[in-house]
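The chains referred to below are lettered A, B, ... by the order of the sequence lines, with proteins before strands, and numbering in each begins at 1.
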Amino acid sequence: MSSPRVRFAPAPTGFLHVGSARTALYNWLFARHHGGEMVLRVEDTDAALKTQEYVDAIVEPLRWLGLDWDAGPYFQSERRDRHSEAIEQLVAGGAAYFCDLTRAEIEQRCEAGGLPAGYHGWSRDREVADGPGVVVRFRCPDDGTTVVDDIVRGRVSFPNEPLEDFVIRRGDGSPTFHLANAVDDHDMGITHVIRGEDLLNTTPRVQLIWQALGFGEVPAYAHLPLLVNAKRQKLSKRRDDVALDDYRRRGYLPEAMVNYLALLGWGPPDEVEIRPLDEIVELFDLDAVKPAPAFFDPARLDHINSAYIKALPPEQFAQRAEPFLTGSGAAWPADRYDPDMVRVLAGDIQQRIVNLDEVAGWIDWILRPDVAYDEKAWTKAVVKGRAAAQVLEAVEARLAADDFSSAERLEAIVMGVGDELTESLGVRVRSQPPVRVALTGTGAGLPLWEPMRLLGKEETLARLRKAMSRL
RNA sequence: GCCCCCAUCGUCCAGCGGCCUAGGACGCCGGCCUUUCACGCCGGUAACACGGGUUCGAAUCCCGUUGGGGGUGCCA
């Protein structure tokens, strides 16, 4: 294939939808695989949406994912003159005409004529003059078929008959997206239009405009399967988690997100699903994309994210977790946070979390000045724990003589107390549970010894004494 | 209503006429490991929607049915 040129053309809605992100990714993968180019074009036919905030809401998530583009961002709203020119050309050639019927009038006529709802070509020969509030409609063929050759779906035929003469210029003079789409795709030299299946039905209109404008051969089309929720409905802002940025905030890694998104509608031939992006670029192609809708499965995303988190070197893990530990929402004094602590504990934390926002839950007991006891754990390990008081007392005494320079030695000391009491009392005594609850407040957590060393001698002894006094 | 799309384990993907008593992954279940919680490892569960064709042979091709979804705007 000779250097394709694709475009990602989102509407500015204030956030980037995961479905849009998938579309952007597939465009990007296709362009990169074939050594082509990608254009970013913001479909702001409504110019009011062209604010920095709305543009950032598209651009930043794309950058976060690691997707770049070779041209743009272009703005549809900046091409208004060119669109008007195309509309004039269509009107002059008779392919489009003016219409002054309002929504209410159209309804009235339908009712009066017993027709199904919609516009039925009434203004075609009324010779309406242009003016404020007047729209331009495209004259659709009354019969025949429009054929869309789709890379994912094969040949799709649409009868022209049910197509109404649709609006290509609104009453305020702005172009609608069908018109702008055809003109922009043509002018920008787009060779492949890759987008969601929800737009498949609009393709005949765009192609009809394309032909009427004398643009020649239409681009190749590829309509990607929709991303759906558990009920198999198209993901929607109202009922589903669709904002890509929310996933970032919840601690998903961009490389995991991109990897997962690539797998919705496509799979590598060798069945190795978790792999670096450059390998996906190499293996990806549009003709291998599956046409059926794909469920955006949070459980699977979690699995992939946890795999990426586990693979992070300690240094990097600490670095990437930092934003989740230093925010204003942190439940500890800022000066207690130490990036080196996370680096040291990285391995133990990594195997226990799915998202970066879970890091805090494993180490907050070290960072918080006070222990928050989980009463159930306290009761089980300390109140009902065998010889718990003796364990705490002995551990405190021996730890007081240690310098806390070695986690291994701390482990030997605590476990040794358990073994000795087991021997002297003749029953199995577990020393770890009461110590763990005394220090962390909970019954389960990271392997205790390294964190204990990090917590420090003074703090450790204080917490042990506090637990003893609480008994 | 009309138009369009889709249909392999619960989910995602493999299979593009014989290699399929249908493969991988997630999930789920069971076991091993483990003096916390996890990780890890091993094993198991589970699908070609249905009915007709075509063919020596169909999960794979065709038609229909059923089911699901999308579209039907002066949104994109």
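- Smallest separation of non-hydrogen atoms from Lys237(A) and Thr13(A): NZ-O, 4.5 Å.
- With both ends at atom P, the span from A59(B) to C37(B) equals 48 Å, rounded to whole Å.
- Partners of Ala222(A) under the side-chain contact (heavy atoms from CB on, under 4.5 Å) rule, at least two apart in sequence or in another chain, are Ile151(A), Val152(A), Ile194(A), Leu286(A).
- C26(B) and C9(B) are spaced 12 Å apart, taking the C1' atom of each and rounding to whole Å.
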### Task
Using a 4.0 Å cut-off on protein heavy atoms (strictly under), produce a 5'-to-3' string for nucleotides 71-76 of chain B with B for base contact, S for backbone-only sugar-phosphate contact, and - for none.
S-SBSB

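- Using a 4.5 Å cut-off on side-chain heavy atoms (C-beta onward), Leu224(A) and Arg195(A) make no contact.
- Straight-line distance from the CG atom of Asn229(A) to the C1' atom of G68(B): 12 Å, rounded to whole Å.
- Judged by Watson-Crick or G-U wobble contacts below 3.5 Å, the nucleotide G40(B) has C32(B) as its partner.
- G18(B) and U55(B) are spaced 12 Å apart, taking the C1' atom of each and rounding to whole Å.
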Please write out the pairs of protein N or O atoms and N or O atoms of nucleotides 9-15 of chain B separated by less than 3.5 Å, giving the distance to one decimal.
residue: C12(B); atom: OP1; partner: Arg232(A); partner atom: NH1; Å: 3.3
residue: C12(B); atom: OP1; partner: Arg232(A); partner atom: NH2; Å: 3.1
residue: C12(B); atom: OP1; partner: Phe295(A); partner atom: N; Å: 3.1
residue: C12(B); atom: O2'; partner: Leu263(A); partner atom: O; Å: 3.1
residue: C13(B); atom: OP1; partner: Gly265(A); partner atom: N; Å: 2.8
residue: C13(B); atom: OP2; partner: Lys290(A); partner atom: NZ; Å: 3.0
residue: C13(B); atom: O3'; partner: Gly267(A); partner atom: N; Å: 3.4

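- A donor-acceptor pair is defined here as one N or O able to donate and one able to accept, closer than 3.5 Å; such a pair exists between the side chain of His33(A) and the backbone of Val281(A).
- For A22(B) and C5(B), the P atoms lie 33 Å apart once the distance is rounded to whole Å.
- Nucleotides C2(B) and U21(B), compared at atom P, are 43 Å apart to the nearest Å.
- Shown here are the salt bridge (Lys or Arg N to Asp or Glu O under 4.0 Å) partners of Glu111(A), two or more places apart in sequence or in another chain: there are none.
- Considering only heavy atoms from C-beta on, Tyr252(A) comes within 4.5 Å of Asn355(A) through its side chain.
- Distance, Glu197(A) CD to G70(B) P: 10 Å, rounded to whole Å.
- Residues passing the side-chain contact (heavy atoms from CB on, under 4.5 Å) test with Ala9(A), sequence neighbours excluded: Arg7(A), Arg41(A), Glu43(A).
- Atom name P, nucleotides C19(B) and U60(B): the rounded distance is 13 Å, in whole Å.
- Near RNA chain B, defined here as any heavy-atom distance below 4.0 Å, the residues from residues 146-156 of chain A are Arg153(A), Val156(A), listed numerically.
- The nucleotide U66(B) finds its pairing partner in A7(B), both defining distances of the Watson-Crick or G-U wobble pair being shorter than 3.5 Å.
- Ion pairing between a basic and an acidic side chain is recognised when a charged N comes within 4.0 Å of a carboxylate O; Asp150(A) and Arg155(A) show no such pairing.
- With sequence neighbours excluded, the residues satisfying side-chain contact (heavy atoms from CB on, under 4.5 Å) with Glu105(A) are Leu101(A), Thr102(A).
- Rounded to whole angstrom, the span from the CG atom of Leu224(A) across to the C1' atom of C6(B) amounts to 14 Å.
- Sorted by first and then second residue, the side-chain hydrogen bond (donor to acceptor under 3.5 Å, both in side chains) pairs involving residues 426-440 of chain A (not counting sequence neighbours) are Gln432(A)-Arg436(A), Thr440(A)-Thr442(A).
- When Watson-Crick and G-U wobble pairs are counted only if both distances are under 3.5 Å, G23(B) pairs with C13(B).
- Between the side chain of Thr422(A) and the backbone N or O of Gly418(A), at least one donor-acceptor pair lies under 3.5 Å.
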Strictly under 3.5 Å: I want the nitrogen or oxygen pairs between protein and nucleotides 60-64 of chain B, one per line.
none

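- A 6.0 Å sphere centred on CG of Asp270(A) holds more than 12 heavy atoms belonging to other residues, nucleotides or ligands.
- Under the Watson-Crick and G-U wobble criteria, each requiring two contacts below 3.5 Å, nucleotide A46(B) is left unpaired.
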### Sequence-aligned protein contact record of nucleotides 27-42 of chain B, with B where the base is within under 4.0 Å of a protein heavy atom and S where only the sugar-phosphate is
--------BBBBB---

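- Under the rule for a side-chain contact (heavy atoms from CB on, under 4.5 Å), the partners of Arg124(A) that lie at least two apart in sequence or sit in another chain are Tyr97(A), Arg139(A), Asp142(A), Asp165(A).
- Judged by the 6.0 Å and 45° rule, Arg205(A) forms no cation-pi pair with Phe138(A).
- The cationic group of Arg22(A) lies under 6.0 Å from the six-membered ring centre of Tyr26(A) and within 45° of the ring axis, placing it in a cation-pi geometry.
- Atom name P, nucleotides A58(B) and U65(B): the rounded distance is 23 Å, in whole Å.
- Here U72(B) sits opposite G1(B) as a Watson-Crick or G-U wobble pair (both hydrogen-bonding atom distances under 3.5 Å).
- On the C1' atoms, U45(B) is 10 Å away from G30(B), given to the nearest whole Å.
- For Arg368(A), the side chain to side chain donor-acceptor pair (under 3.5 Å) criterion is met by no residue, not counting sequence neighbours.
- Phe295(A) approaches Pro298(A) most closely through the heavy-atom pair CZ-CD, 4.1 Å.
- As the counterpart of C61(B), G53(B) is assigned, both hydrogen-bonding distances of the Watson-Crick or G-U wobble pattern falling under 3.5 Å.
- C39(B) shows a glycosidic angle within 90° of 0 and is accordingly assigned syn.
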